[in-house]
*Asks:* 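I'd like to ask you about the structure that follows.
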Amino acid sequence: MKAIPSIVNKDGAWKLMADGKPMILLAGEVHNSSSSSLSYMEQVWEQGKKLGMNCLLLPVTWELLEPEEGHFDFSLVDGLIMQARQHEMKISFLWFGTWKNAQSTYAPEWVKKDTKRFKRAQLEKGKSFVRVKKFYDLAYSPLTYLCEETMHADARAFAALMAEIRRADGEEHTVVTVQVENETGIMAAARDHSDEADALFYAPVPADFASYMQRHTDTMVPSVREAVENGKESGSWQDMFGDQAEELFSAYYTARYVNTVAEAGKREYPLPMTVNCWLNREGASAGSYPSGGPISKVREVWNFCAPNIDIYGPDIYLPDFQGICKEYTRRGEPLCIPECPTHSCAASRNLYCIGKFHCICYSPFGIEDMGRPLDPAQMALFGADASDPALMTSQDVETYSLINHLLEGMMDRLLSSYGTDRLDAAAGEFGPESAFHMDGVQIRAKFTGKEGGCLILRESEQEFFILAYKTWLHFISDCKDAQGIDLLAFEEGHFENGNWHRGRRLNGDEVVANTFTAEEPVLLRVKLFTFA
Ligand code: DGJ
């Protein structure tokens, strides 16, 4: 029997193992409703294939999985697995259960209608819904993270899903990870205000959690660290965590809930489990983004409450893509991006995340639309800077596809360089030029467009593979006592089954003065020689 997919950390490198081999998920997330229809999905698989993706992130919804309590319909799940196999792709399922974007719209009818048994959060005391301007004045009424009935009902449904995945896929491993819920947390208030919530909020903070928080201040974001350090040794949430108390309270009960769901699923089939995050803007208050969701700010709470969660993935729609990648890796955790826009920097971000952060998954959202004009209203909603043309232009499909195909060919080499300094990258979005210093050689990259990107992989002494797009490259010596430099080989090409297939051998005008301009994506083999 082949090993179940897992996440491993060996020699400082995080890897997703599928069938005993590591893989990078060159993935794409489909629109929310696409995977509710197998016939609709046919064209989406084609698009994923065309884009060179090896995995699709697909919602599985509670309402369709368990339309009547205790009666499960696995036909979609089974059908999606079969389709993935036909297209030789993997799946990461997204469990849309109690939460989807801080709402509960995917709960089945029998849950939605029984508001006594499946309680809603009271975002204002005594009210079962509040109007939220941001959601077009919606009567907003998420299920509460404090309702044990809902938590166990969700956990039973999720366990049934995982048992079915094991039955249908326990041998082949088409499904490699599962996301538990989607963008958890509550909007419009920092915490639930029901009587039950108040009682818990004013009661003493559980002692084991209080002590964990006090022992883990070194990794906390400054605002939470200050709150913990300035708070009392013990007491109510307010006593211990001051102005952060309500968000930490929500995070504690949300994480505990999600962990219960994940644990029930893992008992059936222990695939790597992930959560995704609706991110907070700097200085924003909890409730203007989902309070309690697994953002970096409350990571220590989630780490304590949710040991069954293996990976935390930021949905990066905010402008500071690079800063967010750093924040989500600074605690020594793997980078996994389940969602980001399909604008014209999507391809270079792919190169960048693999080359710079050695990520396990990069997945733009709404791949059906890649290449189509972007909707400005939607982009603004996603936090894109509408004044930046690169972020308002759609990703060219051929470019994305070519880069993914070149990456797929290099996969084994990339993975064996994960966790080492042999693999690096830069992108035009984060600065107009960059310099890589390896083996006494300086490889300079100037981006000819913000969409440009460049990944460098050291193959052997002064020999490199360079995947470049919209980049002007220049090679100079970095050795004080050996300033001379020759190009010994400069080739375009690609990998097939681990073997290098050369295209043009470049020389003369194409590499004049040790320079090369890659306007289209190209993989280069560059062999250099420095001498005194
Ligand atoms: C983030 C969510 O997680 C996705 O399901 C989707 O709603 C996107 N936002 C944008 O539409």
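Both ligands and their constituent atoms are indexed starting at 1 by order of listing. FYI, the numbering just counts along the sequence from 1.
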*Asks:* Distance under 4.0 Å to a non-hydrogen atom of E183: what atoms of ligand 1 satisfy this?
*Replies:* 1 (C), 2 (C), 3 (O)
*Asks:* Any side-chain donor-acceptor pair under 3.5 Å between S92 and T177?
*Replies:* yes
*Asks:* Is there a donor-acceptor pair under 3.5 Å between the side chain of R120 and the backbone N or O of K127?
*Replies:* no
*Asks:* Give a yes or no on whether the backbone of T150 and the side-chain of K119 come within a donor-acceptor separation of less than 3.5 Å.
*Replies:* no
*Asks:* Go through ligand 1 atom by atom and flag the ones less than 4.0 Å from a non-hydrogen atom of N182.
*Replies:* 2 (C), 3 (O), 5 (O)
*Asks:* Are H31 and ligand 1 in contact, using a heavy-atom cut-off of under 4.0 Å?
*Replies:* no
*Asks:* Using heavy-atom distances only, which candidate in N32, L57, D315, N276 approaches atom 5 (O) of ligand 1 most closely?
*Replies:* N32
*Asks:* Between R349 and E429, is the salt bridge (charged side-chain N to carboxylate O under 4.0 Å, His left out) condition met? List the steps.
*Replies:* CA-CA 9 Å; R349 287 177 171 190; E429 196 187 347; 2.6 Å; yes
*Asks:* Hey, is Y317 touching ligand 1 through its side chain, its backbone, both or neither, going by heavy atoms under 4.0 Å?
*Replies:* side chain
*Asks:* Should K470 and E451 count as an ion pair when the cut-off is N to O under 4.0 Å?
*Replies:* no
